[in-house]
Amino acid sequence: MALFKRRTVGKPGEWFYCLKHGTVEEGPECRAADRFGPYATREEAAHAMDTARERNLEWETDPKWHDMGKGGKGGPGDGDGA
């Protein structure tokens, strides 16, 4: 068992969005699994959820991802359970 908890040192000018607390932080304060980033500006970090939502929409509507393959099967997530 480790005696000291290893903590990631934040860098000034790197901004993160904490998913757990819903806040913007300069330098990583929360664990990596609970944050998005780094972002170049506080403003970018503040809009992290919007950016993620937009990227998810692009992915969900990407015709290459939902392209029908041979045999009539769709791509991943086509709902056929395979």
Visitor: Run the side-chain contact (heavy atoms from CB on, under 4.5 Å) test against T41 and tell me which residues pass, sequence neighbours left out.
Guide: E43, E44
Visitor: What distance do L57 atom CG and D62 atom CG have between them, rounded to the nearest 0.5 Å?
Guide: 11.0 Å
Visitor: Can you list the other members of the hydrophobic cluster that holds F36, where links are side-chain heavy atoms under 4.5 angstrom apart?
Guide: W15, Y17, L19, V24, Y39, M49
Visitor: State which residues pass salt bridge (charged side-chain N to carboxylate O under 4.0 Å, His left out) with R31; sequence neighbours excluded, sorted by chain then number.
Guide: D34
Visitor: If you compare all heavy atoms of E25 against all heavy atoms of C30, which two are closest, and at what distance to 0.1 Å?
Guide: OE2-N, 3.1 Å
Visitor: With a 4.5 Å cut-off on side-chain heavy atoms, are E29 and H21 touching?
Guide: no
